[in-house]
Amino acid sequence: MKRTAHCGQLRAGDVGQEVILNGWVNRRRDHGGLIFIDMRDRSGIVQIVFDPPTSEEAHAIATEVRPEFVMAVHGTVQRRPQGTENPDLPTGDVEVIAGEAEVLNPAETPPFSFVDETETDELVRLKYRYIDLRSPRMQRNLRLRHQAAQATRGFLTQEGFWEVETPILFKPTPEGARDYLVPSRVSPGNFYALPQSPQILKQLLMVSGVEKYFQLARCLRDEDLRADRQPEHTQIDIEMSFVEQDDIFRLTERLFAHIFKETINVDLPIPFPRMTYAEAMRRYGTDKPDIRFAMELTDLTDIAEGCEFEIFRRTVAQGGQVKGIKAEGCGDYSRSQIDQLTEFAKVHKAQGLVSMAVTESEIKSPMAKFFTEEELGQIADRYQAKAGDLVLMVADKPEIVAESLDWLRREMGHRLGLIDENEFAPLWVTEFPLFAWDEGEKRWDAEHHPFCMPHPDDFELFQTDPGEVRAQAYDVVLNGVELGSGSIRIHRRDIQQQVFDVLGIDPEEAERRFGFLLRAFEYGTPPHGGIAPGFDRLVMMLCGENNIREVMAFPKTQRAQDLMSGAPSPADPDALRELHIKLDLPPSE
RNA sequence: GGGGCUGUAGCUCAGUCGGUUUAGAGUGCCGGCCUGUCAAGCCGGAGGUCGCGGGUUCAAGUCCCGUCAGCCCCGCCA
């Protein structure tokens, strides 16, 4: 019985139609005489009625089927009897009266059900992912992912981009993460690296005159996992020639707006607001602020400097900062609530948390006695604090003040319900630092990668203060999630050399690691730049999920295992021999 | 590598201060009844290595130690 219609698409207008449906048994309700089966295919669910007078044979088959059996039904669409319509179902006005039925394939009793409301442990879902993916939630996520991919391809094609595939077997790229290595059989002892991104390759494509390149590129990194990090992920890799930062911003904004419109029918406001890295750190303590709510960090260092409170004064004297946030209406927090917030701040590296509750008449604080009336008034003024507000302050090194207050701000934002879950608030964060100091290794590292173009005003800082050199590098942030990074690249050899000098990469090392790229740059390289939005994270936001695994068909666990297949698994000894690989494993047990 | 949470029936969970018979509930599964349900209903039944190993104790699902797995976070990583 070959399918002529789809379950979820039948409507009142189809009444009288003879249809053949193929699908799975979602649920079965056996009334002895009458049997109802909710039949499911990718399009949705429709109720099938098995009535003995209509077909004794079909009814007999319906008696035998069980959840997740695959079946075919031949029947007629009819309007449901008055009063039995199901308003919760798009197909709820109609049902199919079965004249003929066939079991295409029986099914074992499923290990879990997605039909009821209970949420199944992810361990079980991942082990039986092929069943999990049948659920409405996962089907919607896969569909949205597909639509987002199509919207991306459609938009960029319209804009004149070419999709170019770059190799998966390549050479270590300078992204800083650990590489996945693949041994070469024909070249014993040599290894390919799986690309952490097509960064170098897309720059080479600019040298090649492609001018506008994109790729839904798989990127691989052998690092530990998180809710938003998998060993392999997909990015919308984009590179353009003869462009400036603004060109990439405009393109990305229109791309995002297009994707949001095409997938979830949301109008993203463009252009996106912009904020420098320095400003983001100052106002929010993070380079990826969630600007759906305010609660900005307020600097009190100047007040703290002269106060009697030893911890504040000493911290400032040692080059630290005192900053804080205002939690509106939390002035009545109990001692234990404050203690709990203090613990929270300590988990995020702060030494402690100083609180001040504003009342009609005074400012209450465990530390109040160390401050003059005037100082307390200044603090309250700076926050424009009203009676009933709570001010939370951290004194420490700038990095720690930023990090702990960022966590605290997001925590309080959630608690106080300041975040509109239906809002999308994109943001450009610009002028990232070019270099970051590695305290452990006592050297400068590339903050992004070593091919980012420095800010034109900052060249004189290369010798004097590399940490202050800004890059023409930017992130696109959405609701506090970093969705993508990009930069204008260096296309001139002399500038590249200046960057290598700071990074301590001598000509010999440069030649060994990316000589092929530097050589390419000598043969006529256009100015170019690009961006790489993370596709999984983008889809995650479209789906309203807060975990990247929910938008990937077959994700891995935190230990980078695939619970369904058991990968990774030991290699066949013959295969290892052929690769000239001997294992040297740590002793077990 | 480190911190936190979790692990009891296929699934979701309860199990008090260490002690009441055979470790419970809902759901699912199996069987029976049932012609308008849509989480169908009613009756009956099966189903357990309390993650695993060790220890304390007269007695351990419960306490202690170790270990494994999943999740969240730090480190790491755009």
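A, B, ... follow the sequence lines: proteins, then strands. Residue 1 opens every chain.
Taking the six-membered ring for Trp and the full ring otherwise, Tyr128(A) and Phe114(A) have centroids separated by 6.0 Å or more.
For Lys349(A) and Glu399(A), the salt-bridge test fails: no basic side-chain N is under 4.0 Å from an acidic carboxylate O.
When heavy atoms are screened at a 4.0 angstrom cut-off, Glu95(A) is found touching base atoms of the nucleic acid. Within the nucleic acid shown, Pro231(A) has no heavy atom closer than 4.0 Å to any nucleic acid atom. The residue Pro81(A) sits close to a base: some heavy atom pair falls under 4.0 Å. The residue Glu85(A) sits close to a base: some heavy atom pair falls under 4.0 Å. Here Asp30(A) lies in heavy-atom contact (under 4.0 Å) with a base. Across all strands, Glu108(A) comes closer than 4.0 Å to no nucleic acid atom at all (heavy-atom distances). At the heavy-atom level, Thr120(A) lies under 4.0 Å from the strands shown only through sugar-phosphate atoms. At a threshold of 4.0 angstrom between heavy atoms, the contacts of Asp88(A) with the nucleic acid are absent.
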TODO: Would you please test Val477(A) and Met275(A) for side chain to side chain contact (heavy atoms under 4.5 Å, CB included) and show each step?
DONE: CA-CA 11 Å; Val477(A) 174; Met275(A) 190 181 293; over 6 Å; no
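Of the candidate nucleotides U37(B), G36(B), C71(B), C71(B) has the atom lying nearest to any side-chain atom of Glu122(A). Comparing G75(B), A78(B), C71(B) by their closest approach to the side chain of Arg229(A) singles out G75(B). Looking at the side chain of Thr84(A), the nearest of the listed nucleotides G70(B), G36(B), A78(B) is G36(B). Nearest nucleotide to the Asp51(A) side chain, out of A40(B), U35(B), C73(B): U35(B).
At a threshold of 4.5 Å between non-hydrogen side-chain atoms, the residues Gln230(A) and Leu225(A) count as touching. Leu434(A) is not listed as a side-chain neighbour of Val502(A), based on a closest heavy-atom distance of 4.5 Å or more. The closest side-chain heavy-atom distance from Thr252(A) to Tyr474(A) is not below 4.5 Å.
For the P atoms, the distance from C77(B) to G53(B) is 40 Å, rounded to whole Å. Spacing between G61(B) and C50(B) at atom P, rounded to whole Å, works out to 8 Å. Spacing of C1' atoms, G45(B) relative to C38(B), comes out at 27 Å, to the nearest Å. Spacing of P atoms, G2(B) relative to G75(B), comes out at 16 Å, to the nearest Å. Going from the C1' atom of U67(B) to that of G7(B) covers 14 Å, rounded to whole Å. If you take atom P in C68(B) and the same atom in G32(B), they sit 48 Å apart, rounded to whole Å. Between G70(B) and A60(B), the distance separating the two C1' atoms is 25 Å to the nearest Å. If you take atom C1' in C73(B) and the same atom in C29(B), they sit 39 Å apart, rounded to whole Å.
Listed by first and then second residue, the side-chain hydrogen bond (donor to acceptor under 3.5 Å, both in side chains) pairs involving residues 77-90 of chain A are Gln78(A)-Glu95(A) (not counting sequence neighbours).
Just one of Arg409(A), Arg415(A), His414(A) meets the side chain to side chain donor-acceptor pair (under 3.5 Å) condition when paired with Glu411(A); it is Arg415(A). Residue Asp536(A) is tested with Arg229(A), Gln235(A), Arg145(A), Arg549(A) for a side chain to side chain donor-acceptor pair (under 3.5 Å); the sole match is Arg145(A).
Between Asp287(A) and Arg549(A), the one whose closest nucleotide on RNA chain B sits nearer the 5' end is Arg549(A). Along RNA chain B, the nucleotide nearest Asn546(A) and the nucleotide nearest Glu119(A) are compared for position; the residue whose nucleotide lies closer to the 5' end is Glu119(A).
Considering only side-chain N and O atoms, Arg29(A) lies nowhere under 4.0 angstrom from the phosphate OP1 or OP2 of U37(B). Side-chain N/O atoms of Gln47(A) include none lying less than 4.0 angstrom from OP1 or OP2 on U37(B).
With 3.5 Å as the limit, one finds no donor-acceptor pair spanning the side chains of Asp290(A) and Tyr284(A).
Atom pair Arg221(A):CZ and C76(B):P shows a separation of 16 Å (rounding to whole Å applied). What separates CG of Asp121(A) from P of G10(B) is a distance of 14 Å, to the nearest Å. Computed from coordinates, the Asp445(A) CG to A78(B) P distance equals 11 Å when rounded to whole Å. If you take CG of Leu225(A) and P of C76(B), they are 16 Å apart, rounded to a whole angstrom. Straight-line distance from the CG atom of Leu123(A) to the P atom of C5(B): 20 Å, rounded to whole Å. Separating the CG atom of Asp228(A) from the P atom of C76(B) is a distance of 16 Å, rounded to the nearest angstrom. In this structure, CD1 of Ile48(A) is placed 18 Å from P of C38(B), rounded to the nearest angstrom. Put simply, CG on Leu126(A) is 15 Å from P on A69(B), counting in whole angstrom units.
With centres under 5.5 Å and a plane angle under 30° as the test, the ring of Phe112(A) is not stacked against the base of C11(B). Between His31(A) and A40(B), a base-stacking contact is recorded: ring centres under 5.5 Å apart, planes less than 30° from parallel.
Within a 6.0 Å sphere centred on CZ of Arg140(A), other residues, nucleotides and ligands contribute more than 12 heavy atoms. For Lys556(A), the NZ atom sits in a packed shell: over 12 heavy atoms of surrounding residues, nucleotides or ligands are nearer than 6.0 Å. Within 6.0 Å of the CD atom in Gln351(A), the count of heavy atoms belonging to other residues, nucleotides or ligands does not exceed 12.
Look at G66(B): its Watson-Crick or wobble partner, with both distances under 3.5 angstrom, is C52(B). When both distances must be under 3.5 Å, the Watson-Crick or G-U wobble mate of A14(B) does not exist. Judged by Watson-Crick or G-U wobble contacts below 3.5 Å, the nucleotide C71(B) has G4(B) as its partner.
Side chain Arg226(A) to base G75(B): a donor-acceptor pair is found below 3.5 Å. With hydrogens and angles ignored, a donor-acceptor pair under 3.5 angstrom links the side chain of Arg80(A) to the base of C38(B).
Within residues 550-561 of chain A, the residues having any heavy atom under 4.0 Å from RNA chain B are, by residue number, Thr557(A), Gln558(A), Arg559(A).
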Extract from the structure each pairing of a protein N or O with an N or O of nucleotides 25-31 of chain B at less than 3.5 Å, listing the distance.
residue : atom : partner  : partner atom : Å
C30(B)  : OP1  : Arg66(A) : NE           : 3.1

